[in-house]
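These notes concern the structure reproduced below.
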Amino acid sequence: MRTYPKVTTLINRIDWLSSFANEVPFILAAERLMEIEAPPRAQYIRTILFEMARVANIGLFLGEMGLQLGAVTPAFYAFRDREFVLNQIEAVTGGRFHPNFDRIGGLKDDLPKGWIAETKQVMERLRDYCDMIETLLVGNEIFQARCRGIGVIPAEVGLAYGLSGANIRASGVDWDIRRDNPCGLPYDKIDWKVWTHPDGDSFARYWVRLQETREATHIVDQLCDSLPSGPIMAKVPRIIKVPEGEAWVSTENPLGEMGYHIVSKGDLGPYRVKIRSASFSNVSITPWVLRGVYVPDVVTILASLYFILGDIDR
Amino acid sequence: MPQLPGLIKGMGVTARELVRTMFPNSGLKKLIPSPTKGSYTVQYPHEKEAPPPRSRGVIALMEENCTVCMLCSRSCPDWCIYIEGHKEKAPPRRAGGKPRTVSALDRFDIDYSLCMYCGICVEVCPFDALFWSPEYEYSEPKIADLLHDKTRLGEWMETVPDQEPYEAGSDAKTKKIPRKAN
Amino acid sequence: MLAIHLAYWQQSILRVVGVLAAVLLPAGAFVNLFLFKMVSFMQNRLGPMEAGPHGQLQLLAEVGKFIQKEDIVPERADRRLFKLAPYLVVGTVLLVYLAVPFGPDAYFANLDAGVFYVLAVSSLSVIGVLIAGWASANKYSLLGGLRAAGQLIAYELPMVLALVGVVIQAGSLNLQAIVAAQHNGEMFGFGALGNPFVLTQFVGFGVFMIATQAELTQTPFDMPIAESELVAGYTTEYSGLRFLLFFIGEFASAGAFAAVAATMFLGGWALPGLDLDANYMNVLGPLVLFAKILVLAGLIFFIRFTYPRLREDQLQRFAWTILIPVSLLNIVATAVLKVVF
């Protein structure tokens, strides 16, 4: 029987670049079945780590798309600045890529001293990185010539194929689960904005992700400033048995919409877990969008759709 | 002032990074090139970065606290902890009482070639016998040597750092790490 | 250098050693300085550090590594053509260096049609690339080879037209005469710095450097060797010594084109203020030219590591619709101004 902590360990590895974001919908679904709410401090820290995972993942995308198009240098800047975010995640959770930090009812441990101040500095640095990438790649005429008008996905086709995340927002659809269905995460208590772009081409997808990274750094800053004090874990029994039932929770992960459907029979572990991962649906559009394009454009389109193989295969 | 084309600005970015790496010193020393100081990379075997204290490097065992309850072994997703123990008779706690049975640990091995570094065993242990240590340099040429036995796991206890204080506003209390009485 | 009288066979050996040095030295210097160090510093890292102090012996290690690799020829490949291609590419680079003067008497051949010869011979490498792409029996290599052929032929024309402006201004096709013209010329009556043609022919200089970037198949024009798409383009199936030859050819031709550009635009081996015919210029000249080659090649590699690549049709459109009209206008303007002044 795979208990809930064991499942949490494994699902860390689905979308291996956004480490913490994989655990969040699963734990939220389990908490919904148990009908408990994590204390506010835990929800805030969960959201902070969630948004930091977003910054780490999409920040890497910004440099890595340049690499796919031939510019070798932005990828190095991406990895360099991602290191700072990973160091912060490691300082809290102990693991850079696989934090294994979310627990039913709250989090495993609290923040170490000095973490908030350091994190705000790191976010400032990431904002500088976004500006640098904007100058280096977005403003570059060659990049624009390679990306504008390539791989246009109209909104209806995108919605029909189940695109989610930045891919669908770049086609003009105003769809963000953080705003519409936060499931207890404190997105309604801070001031942030959802970015969309009307074009739907590769450049739009890149641009939306750039703005999302910036927005995520602002979200982390606001959450760090308004962090409530209190316990980090709700009152849960030592041996957690989740009552019978089913729950489905999906959240706005860095790659798109990720959801878990948990069926529980009252045991130590779930009876069945079905994972709806973002990249699987994002990639399903490739037969449609790759029809009749040039060979170099195949690379541009696939890079701009941004999938991670672990997310496709689970 | 007409806008510089994006191409030129892009070159400015990489040129700036080049200069920043080659001349990282500030003030008058700026003219001395020292790229080893300006680069963000760490030349691993010669210089090492210190991981944060909570970093999950290796698991250390405090043998005196272990009661062979087998909780860690059962909760490991990979089944990489091998425990064998036996029951012994220990002298009674006060004179005239019945002899107590205590569990003694025969074998406690962690197979680091299987370990996922998830930390469930450390969390689940009710008697504070397992601890995380940020040591990471224990790679071996042979996979069989990655099975750390009781003594080796006890040696890792020296590298376990004390818990750092928590951030303001937190309710959590730091735990003391049991050190060997010397 | 002409103080001792050498027999003909001794002179030939000296020339062979000289041309090998002229080709391999810049190639090695570029790989070491630019590929290992400059790009590493641009990316906030240090590059190879283990081999020798600060990684200076890494070049030896790379050469040794390539030489000891297994020589693989794909089964369906055309064996003779497959083996011939790298030598063609490297051979044309050697031929280009023949015409470049390194000093008043330090040259391999003082050709009166030097510019014509250089441009003609540099386009021979297209054949080598096409042969490599075809003979590899690999779809992706073929794609790379065809892209290379189209690109290299397209960018030949801007290169030629850019140099025509210089020839008009200098009045000769002989590379030594062009160096002399820049050294003896005057800028608006100010004769101390000579008249490097980069000042008056800046349009030609820009066009020539862009065309060089394309001729060397460097980003942003590196579709033939687009790494994320075609594995390694037309060099995919090559391993060991043959790949090393392509590699050397790439960097040596960077040196060759930088040498031509330095001679035509920056004044070649002459320094302003130094006597043109002095004997010590035979020793100093190569060093001066090498320094200028380093600067120009540094520019080429700097651009290579900063920009993404252009798609093939955008690349062609750029050459045919923008570069060629611009260079034609440059020629017209130069001709008019030469007559007027």
Side-chain angles (χ1 to χ4, degrees), chain A residues 60-84 125 128-129 132-151 201-203 206 210 290 292-307, chain C residues 34-47 133 138-148 150-151 210 213-214 216-233 301-319 321-322:
Chain A
L60 179 62
F61 162 77
L62 297 175
E64 179 255 344
M65 175 131 175
L67 182 63
Q68 303 288 356
L69 291 181
V72 299
T73 326
F76 282 90
Y77 299 149
F79 276 109
R80 173 196 76 187
D81 286 322
R82 185 180 135 88
E83 277 301 303
F84 292 102
R125 201 199 159 90
D128 287 337
Y129 161 71
M132 180 189 341
I133 286 286
E134 192 164 14
T135 314
L136 188 54
L137 277 183
V138 174
N140 197 325
E141 280 87 5
I142 301 177
F143 183 81
Q144 297 203 358
R146 279 302 289 281
C147 287
R148 281 211 193 266
I150 308 291
D201 56 6
S202 306
F203 184 76
Y206 189 89
L210 176 66
L290 286 182
V293 301
Y294 293 132
V295 170
D297 290 338
V298 170
V299 176
T300 312
I301 296 174
L302 288 179
S304 71
L305 281 179
Y306 195 42
F307 49 88
Chain C
F34 297 131
L35 186 63
F36 290 154
K37 289 299 167 188
M38 181 178 87
V39 68
S40 308
F41 292 162
M42 254 182 2
Q43 294 163 353
N44 298 130
R45 59 190 176 91
L46 287 173
N138 183 343
K139 283 195 253 314
Y140 297 107
S141 301
L142 185 59
L143 265 180
L146 291 175
R147 282 179 179 174
Q151 173 179 321
I210 297 178
Q213 195 91 6
L216 298 171
T217 56
Q218 306 278 12
T219 330
F221 304 107
D222 78 337
M223 267 288 144
I225 320 181
E227 269 174 355
S228 46
E229 298 164 25
L230 294 180
V231 188
F301 287 111
F302 189 73
I303 295 185
R304 170 194 180 164
F305 289 117
T306 308
Y307 292 147
R309 65 178 69 98
L310 280 175
R311 213 173 57 206
E312 190 66 19
D313 58 322
Q314 294 165 341
L315 208 159
Q316 300 275 17
R317 201 171 297 144
F318 183 61
T321 59
I322 299 184

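Just so we're on the same page: letters track the sequence lines, and every chain starts at 1.
The aromatic rings of C:Phe318 and C:Phe221 lie parallel to each other, with less than 30° between the two planes, well short of the 60° mark.
The two atoms that bring C:Arg304 and C:Gln213 nearest to each other are N-NE2, 3.6 Å, heavy atoms only.
A donor-acceptor pair under 3.5 Å is absent between the side-chain atoms of A:Arg148 and the main chain of A:Asp201, judged by distance alone.
Heavy-atom distances place the side chain of A:Tyr77, and not its backbone, under 4.5 Å from chain C. Contact annotation for A:Ile150: only side-chain heavy atoms (C-beta onward) come within less than 4.5 Å of a heavy atom of chain C. Looking at A:Tyr294, only its side chain comes within 4.5 Å of chain C, counting heavy atoms on both sides. Both the backbone and the side chain of C:Gln43 come within less than 4.5 Å of a heavy atom in chain A.
If you tally non-hydrogen atom pairs under 4.5 Å between each of A:Phe79, A:Phe143, A:Phe76 and chain C, the highest count goes to A:Phe76.
Under the salt bridge (Lys or Arg N to Asp or Glu O under 4.0 Å) criterion, A:Glu134 pairs with A:Arg214, not counting sequence neighbours.
The shortest distance between side-chain heavy atoms of A:Leu62 and A:Pro74 does not fall below 4.5 Å.
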